[in-house]
*Asks:* 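Take a look at the following structure, please.
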Number of protein chains: 2
Amino acid sequence: MKRKPAKEYTTEQQLPRLGTSPYLKLMERTASSDTNLNSAHLGLIMLWLGDNILDMVDIDLAAFDITESKLDLLLLLSLHADQELVTPSSIADRLGIRRSSVTALLIWLEKKNLIVREPYAKDGRMTHVRISAEGSTLVNQILPTFWSTCASLVDELDKEEQAVFQKVLVKLNASVEERLGSGR
Amino acid sequence: MKRKPAKEYTTEQQLPRLGTSPYLKLMERTASSDTNLNSAHLGLIMLWLGDNILDMVDIDLAAFDITESKLDLLLLLSLHADQELVTPSSIADRLGIRRSSVTALLIWLEKKNLIVREPYAKDGRMTHVRISAEGSTLVNQILPTFWSTCASLVDELDKEEQAVFQKVLVKLNASVEERLGSGR
DNA sequence: TCCTATAGTTAGATTATCTAATTACATTGA
DNA sequence: TCAATGTAATTAGATAATCTAACTATAGGA
């Protein structure tokens with residue numbers, strides 16, 4: 001979670017906005033010779049943009065008193081609601097986090113009655129996790145806003161730009177998912 | 001900071017990879033009628049990609065025992081090293097976080113001798129913050145890897161794709177920065 | 001039946017945030 | 001000139017999301 005300072009008396013003296021160029025100059029000076037500077041520039045802006053987008057979504061979700069991680073988990077449970085067995089372990093595996101981290105999320109969600117944990121009869125060590133009716137209701141309340149925020153991110157692109165952008169994004173995301181070994 | 005579970009005995013049973021399509025179906029069902037579904041799809045992938053990219057960079061930086069936030073701050077100090085006065089307040093303002101959060105970062109960085117805090121003679125309430133020689137050295141060690149990671153993110157795009165992508169990214173980032181009121 | 005593997009949780013830590021309170025200095029106006 | 005008020009920085013205490021390591025309980029095989 002990040003960024004949304006309310007007021008806190010705005011400071012008089014500020015740092016000048018430097019823009020991108022000093023970063024590029026620094027890059028020229030410090031990048032290894034086999035690094036393509038254009039690519040690095042592109043990657044850098046992607047990184048910044050990614051950061052900013054996450055912030056925007058966080059701000060949006062804050063209104064629903066939930067975070068992106070938790071919504072992510074609720075969506076996962078939603079989409080696997082037909083599954084006979086959804087365990088903390090498999091969730092951890094999918095989200096790329098530790099089981100104990102999942103436990104922490106589940107405790108929070110269960111406290112709010114958004115999920116249900118049920119002992120799994122066929123194997124006493126396991127627990128089946130599912131989204132509750134209340135959880136589904138919340139997700140359905142959140143999603144319209146969430147999609148509209150997603151859409152607003154790329155609103156100002158014209159159709160042609162969107163088309164190329166889409167192709168590129170899908171490609172990049174696939175390769176990054178592969179590199180990380182994660183993926184939906 | 002996120003994701004890089006070491007081993008923790010991989011689970012036998014796993015959740016099936018669903019891919020994007022169930023998300024899109026869900027979107028069709030739950031998006032408000034005035035939300036453009038293509039845009040929302042695009043935004044969603046951008047969000048996922050942004051998340052994944054942050055993870056990648058975090059993993060990279062972990063080798064240097066520093067996080068993105070802290071590198072960000074060190075870079076900021078680097079680029080404003082000529083400035084007479086760089087205060088915690090102005091840093092907070094620029095990073096879009098609270099002064100107390102900056103204090104926490106500074107304490108950590110100072111403990112590692114990466115920055116120096118000096119009382120500001122012209123106004124006893126203020127503190128001038130600058131990067132130390134050691135800090136600069138570290139930054140110079142990190143940056144080659146950092147730039148190469150940035151570059152690797154978009155490596156597989158051909159020149160044409162890169163060109164369009166660049167144009168689009170710059171545009172989007174500008175608008176998101178404006179919406180958030182942040183920006184470098 | 002005993003040993004070991006696995007699932008889940010708990011305990012305790014770290015990082016990055018926040019708000020509210022505190023401390024110290026600066027400015028201003030009666 | 002000094003008391004009230006404003007501002008800068010820090011501290012105290014909280015929450016969120018993560019981690020590792022240790023623990024508990026169950027399962028399953030030799």
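Convention: sequence-line order gives letters A, B, ...; per-chain numbering from 1.
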*Asks:* Using nucleotides 11-15 of chain D, report all nitrogen or oxygen pairs with the protein that are shorter than 3.5 Å.
*Replies:*
none

*Asks:* Using whole Å, what does the distance between atom P of nucleotide D:dT7 and atom CD of A:Gln14 come to?
*Replies:*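 These atoms are roughly 14 Å apart.
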
*Asks:* Looking at A:Arg98, I'd like to know whether one of its side-chain N or O atoms comes within less than 4.0 Å of OP1 or OP2 on D:dA21.
*Replies:*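 Looking at the OP1 and OP2 atoms of D:dA21, neither is under 4.0 Å from any side-chain N or O of A:Arg98.
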
*Asks:* Who passes side chain to side chain contact (heavy atoms under 4.5 Å, CB included) against B:Lys171, sequence neighbours left out?
*Replies:*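 Applying side chain to side chain contact (heavy atoms under 4.5 Å, CB included) to B:Lys171 gives A:Glu156, A:Leu157, A:Glu161.
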
*Asks:* Whole angstroms only, please: what is the CD1-C1' distance between A:Ile97 and D:dA16?
*Replies:*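 Distance check: A:Ile97 CD1 to D:dA16 C1' gives 12 Å.
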
*Asks:* If you check the B:Pro88 side chain, which of C:dC18, D:dC19, D:dT10 turns out closest?
*Replies:*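 Within the option list, the nearest is D:dT10.
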
*Asks:* Among residues at least two apart in sequence or on other chains, which ones pass salt bridge (charged side-chain N to carboxylate O under 4.0 Å, His left out) with B:Asp158?
*Replies:*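 Listed in chain order: nothing, the list is empty.
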
*Asks:* Using whole Å, what does the distance between atom P of nucleotide D:dA16 and atom CG of A:Leu73 come to?
*Replies:*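 Roughly 15 Å, once rounded to whole Å.
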
*Asks:* For residues 128-145 of chain A, pull every pair meeting side chain to side chain donor-acceptor pair (under 3.5 Å), keeping only residues two or more places apart or in separate chains.
*Replies:*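 Sorted result for residues 128-145 of chain A: A:Glu118-A:Arg130.
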
*Asks:* Measure the distance from CG on B:Leu54 to P on D:dA17 and round it to the nearest whole Å.
*Replies:*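 Nearest whole value for this atom pair: 16 Å.
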
*Asks:* Over how many whole Å does the gap from A:Lys70 atom NZ to D:dA16 atom C1' extend?
*Replies:*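 Atom NZ in A:Lys70 sits about 6 Å away from atom C1' in D:dA16.
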
*Asks:* Go through the structure and list residues passing side chain to side chain contact (heavy atoms under 4.5 Å, CB included) with A:Asn36, not counting sequence neighbours.
*Replies:*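 A:Asn38, A:Ser39.
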
*Asks:* In whole angstrom, what separates A:Leu85's CG from C:dT6's C1'?
*Replies:*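 After rounding, the gap between these two atoms is 13 Å.
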
*Asks:* Would you say the side chains of B:Thr30 and A:Trp147 form a donor-acceptor pair under 3.5 Å?
*Replies:*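 There is such a pair between these side chains.
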
*Asks:* Can you tell me the distance, in whole Å, between the CD atom of B:Glu110 and the C1' atom of D:dA9?
*Replies:*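 Distance check: B:Glu110 CD to D:dA9 C1' gives 13 Å.
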
*Asks:* Considering only C:dT17, C:dG8, D:dA16, which nucleotide approaches the side chain of B:Ser101 most closely?
*Replies:*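 Per side-chain heavy atoms of B:Ser101, the pick is C:dT17.
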
*Asks:* Between protein and nucleotides 26-30 of chain D, what N or O pairs are separated by less than 3.5 Å?
*Replies:*
residue : atom : partner  : partner atom : Å
D:dA27  : OP1  : A:Gly124 : N            : 2.7
D:dA27  : O4'  : A:Arg125 : NE           : 3.4

*Asks:* Would you indicate, yes or no, if D:dA8 has its OP1 or OP2 atom less than 4.0 angstrom from a side-chain nitrogen or oxygen of B:Thr87?
*Replies:*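 No, outside the criterion.
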
*Asks:* With sequence neighbours left out, what residues match A:Ile107 under side chain to side chain contact (heavy atoms under 4.5 Å, CB included)?
*Replies:*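 In terms of side chain to side chain contact (heavy atoms under 4.5 Å, CB included), with neighbours along the sequence ignored, A:Ile107 is linked to A:Thr103, A:Lys111, A:Arg117.
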
*Asks:* Between B:Arg117 and D:dA9, does any side-chain N or O lie under 4.0 Å from OP1 or OP2?
*Replies:*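 Answer is no, no contact under 4.0 Å.
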
*Asks:* Taking only residues two or more places apart in sequence, or in another chain, which ones meet A:Glu84 in a salt bridge (charged side-chain N to carboxylate O under 4.0 Å, His left out)?
*Replies:*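 A:Glu84 satisfies salt bridge (charged side-chain N to carboxylate O under 4.0 Å, His left out) with A:Lys122 only.
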
*Asks:* Please report whether the ring centroid of B:Tyr23 lies less than 6.0 Å from that of B:Trp48.
*Replies:*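 Yes, the ring centres sit under 6.0 Å apart.
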
*Asks:* According to side chain to side chain donor-acceptor pair (under 3.5 Å), who are the partners of A:Thr149, at least two apart in sequence or on a separate chain?
*Replies:*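 Side chain to side chain donor-acceptor pair (under 3.5 Å) check on A:Thr149 returns A:Asp60.
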
*Asks:* Only counting residues at least two apart or in another chain, list the ones meeting side chain to side chain donor-acceptor pair (under 3.5 Å) with B:Ser148.
*Replies:*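 If we apply the side chain to side chain donor-acceptor pair (under 3.5 Å) test to B:Ser148, skipping adjacent residues, there are no hits.
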
*Asks:* Only one of A:Val139, A:Asp72, A:Leu114, A:Ile115 passes side chain to side chain contact (heavy atoms under 4.5 Å, CB included) with A:Leu77; say which it is.
*Replies:*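 Single side chain to side chain contact (heavy atoms under 4.5 Å, CB included) partner of A:Leu77 among A:Val139, A:Asp72, A:Leu114, A:Ile115: A:Ile115.
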
*Asks:* Counting just side-chain N and O atoms, does A:Thr127 come under 4.0 Å of either OP1 or OP2 of C:dA7?
*Replies:*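 Result: no.
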
*Asks:* Listing time: all N or O pairs from protein to nucleotides 1-4 of chain D that are below 3.5 Å?
*Replies:*
none

*Asks:* What pairs with A:Asp123 under side chain to side chain contact (heavy atoms under 4.5 Å, CB included), at least two apart in sequence or on another chain?
*Replies:*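 By the side chain to side chain contact (heavy atoms under 4.5 Å, CB included) rule, A:Asp123 matches A:Tyr120, A:Arg125, A:Met126.
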
*Asks:* To the nearest Å, give me how far apart CG (A:Asp93) and P (C:dA7) are.
*Replies:*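 That distance rounds to 10 Å.
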
